[in-house]
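Quick note: residue numbers are just sequence positions, from 1.
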Amino acid sequence: LSRGLGDVYKRQAQHNQLGKWGEEYAVNFLLNKGYDILERDWRIGHRDIDIIARAPEGNIIVFVEVKTRTSDVVTDPRDAVDLRKIRNIGFAANAYVKQHNVVDLLRFDIISIVGNNDANADITHIEDAFNPCCAFR
């Protein structure tokens with residue numbers, strides 16, 4: 001039993017490490033595209049937003065969900081942004097907008113990364129990937 005739990009914790013630690021690397025890779029990608037990173041792993045309660053950035057245009061706040069997988073054989077990372085996740089991002093973004101008195105335009109993007117290091121990563125930036133308002137119908 002304890003060996004099985006050890007394996008579970010090891011996989012979870014590897015998954016968390018992959019996610020942290022993916023977020024760092026996504027931040028560097030956005031910085032290279034001219035984005036200004038405002039927040040990383042911003043939380044309100046149990047809800048979080050991976051990256052909050054100002055787009056190069058200057059008047060758009062972008063809420064970015066980063067999905068990282070070692071391969072796309074089993075599932076496309078973009079498919080992991082389901083209705084529940086979109087709702088949570090919407091709630092968190094609403095709280096952020098209110099707390100920071102945001103008057104800029106808002107956009108919700110997904111950055112999908114397939115790989116596990118800088119040398120083999122394939123990154124896709126999907127701008128305006130979803131509208132959380134549509135998740136509350």
Side-chain angles (χ1 to χ4, degrees):
L1 180 63
S2 64
R3 183 174 164 221
L5 275 176
D7 291 343
V8 169
Y9 289 131
K10 184 177 177 184
R11 282 193 304 274
Q12 187 175 18
Q14 289 170 339
H15 174 75
N16 290 342
Q17 197 173 25
L18 180 68
K20 293 290 184 203
W21 166 80
E23 287 182 23
E24 185 68 28
Y25 194 79
V27 162
N28 289 329
F29 174 83
L30 290 171
L31 287 170
N32 287 333
K33 287 181 72 174
Y35 286 76
D36 181 26
I37 305 302
L38 304 175
E39 303 278 351
R40 295 177 64 172
D41 199 27
W42 189 85
R43 295 189 169 281
I44 182 92
H46 68 278
R47 297 177 172 116
D48 74 308
I49 299 174
D50 294 332
I51 301 168
I52 302 173
R54 181 174 300 282
E57 299 84 2
N59 65 338
I60 302 171
I61 300 297
V62 184
F63 299 94
V64 182
E65 178 65 14
V66 179
K67 289 298 173 188
T68 308
R69 300 288 185 272
T70 54
S71 76
D72 60 357
V73 174
V74 177
T75 179
D76 186 313
R78 293 169 284 197
D79 294 339
V81 184
D82 59 10
L83 191 58
R84 181 174 154 203
K85 184 66 178 171
I86 290 170
R87 284 182 182 151
N88 283 336
I89 292 168
F91 277 118
N94 185 51
Y96 181 85
V97 165
K98 288 179 180 178
Q99 285 182 9
H100 293 86
N101 299 315
V102 174
V103 296
D104 299 294
L105 299 172
L106 306 179
R107 193 176 78 206
F108 296 85
D109 294 3
I110 297 173
I111 291 185
S112 168
I113 302 169
V114 179
N116 60 6
N117 62 58
D118 292 3
N120 74 358
D122 180 27
I123 190 166
T124 304
H125 182 188
I126 306 163
E127 294 184 8
D128 205 18
F130 59 88
N131 180 343
C133 295
C134 297
F136 293 94
R137 292 182 181 178

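- What you find for Gln99 and Ile44 is that their closest heavy atoms are NE2-CD1, 3.5 Å.
- Going from atom CG of Asp122 over to atom CZ of Arg69 covers 14.5 Å, rounded to the nearest 0.5 Å.
- Considering only heavy atoms from C-beta on, Phe130 comes within 4.5 Å of Ile110 through its side chain.
- With hydrogens and angles ignored, the 3.5 Å screen pairs no side-chain donor or acceptor of Asn94 with any backbone N or O of Gly90.
- A distance of 9.5 Å separates NZ in Lys67 from CD in Glu23, rounded to the nearest 0.5 Å.
- Residues Leu105 and Glu57 have side chains not in contact (no heavy-atom distance under 4.5 Å, counting atoms from C-beta outward).
- Looking at Glu39 and Ile49, their side chains never come closer than 4.5 Å, going by heavy atoms from C-beta outward.
- Looking at heavy atoms from C-beta onward, Ile111 lies out of side-chain contact with Asp50 at the 4.5 angstrom threshold.
- Qualifying side-chain hydrogen bond (donor to acceptor under 3.5 Å, both in side chains) partners for Arg107, counting only residues two or more places apart in sequence or in other chains: Tyr35, Asp109.
- For the atom pair Asn116 CG and Gln17 CD, the distance stands at 10.0 Å (nearest 0.5 Å).
- Leu18 and Gly115 make their closest contact through CD1-O, 3.7 Å (heavy atoms, listed as atom of the first residue, atom of the second, distance).
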Evaluate side-chain contact (heavy atoms from CB on, under 4.5 Å) for Asn59 paired with Asp104, printing each intermediate quantity in order.
CA-CA 5 Å; Asn59 65 338; Asp104 299 294; 4.3 Å; yes
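- For the pair Tyr96/Leu38, a side-chain contact is recorded, criterion being any heavy-atom separation below 4.5 Å from C-beta on.
- With sequence neighbours excluded, the residues that form a salt bridge (charged side-chain N to carboxylate O under 4.0 Å, His left out) with Asp48 are Lys85.
- In terms of heavy atoms, Ile61 sits closest to Val102 at CG1-CG1, 3.8 Å.
- Between Glu127 and Val62 the shortest side-chain heavy-atom distance does not fall below 4.5 Å.
- Judged by distance alone, with hydrogens and angles left aside, the side-chain atoms of Asn120 form a donor-acceptor pair with the main-chain N or O of Asn117 at under 3.5 Å.
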Check the pair Leu30 / His125 against side-chain contact (heavy atoms from CB on, under 4.5 Å), numbers first and verdict last.
CA-CA 9 Å; Leu30 290 171; His125 182 188; 3.8 Å; yes
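- Nearest heavy-atom pair across Pro56 and Lys33 is CG-O, 3.3 Å.
- The shortest non-hydrogen separation linking Ala26 to Val66 is CB-CG2, 3.8 Å.
- Asp128 meets the salt bridge (charged side-chain N to carboxylate O under 4.0 Å, His left out) test with no other residue; sequence neighbours excluded.
- In terms of heavy atoms, Trp21 sits closest to Ala121 at CH2-CB, 3.7 Å.
- A distance of 6.0 Å separates CD1 of Ile52 from CH2 of Trp42, quoted to the nearest 0.5 Å.
- Interatomic distance, Arg54 CZ to Ile37 CD1, rounded to the nearest 0.5 Å: 11.5 Å.
- Between Ile123 atom CD1 and Tyr25 atom OH the span is 6.0 Å, to the nearest 0.5 Å.
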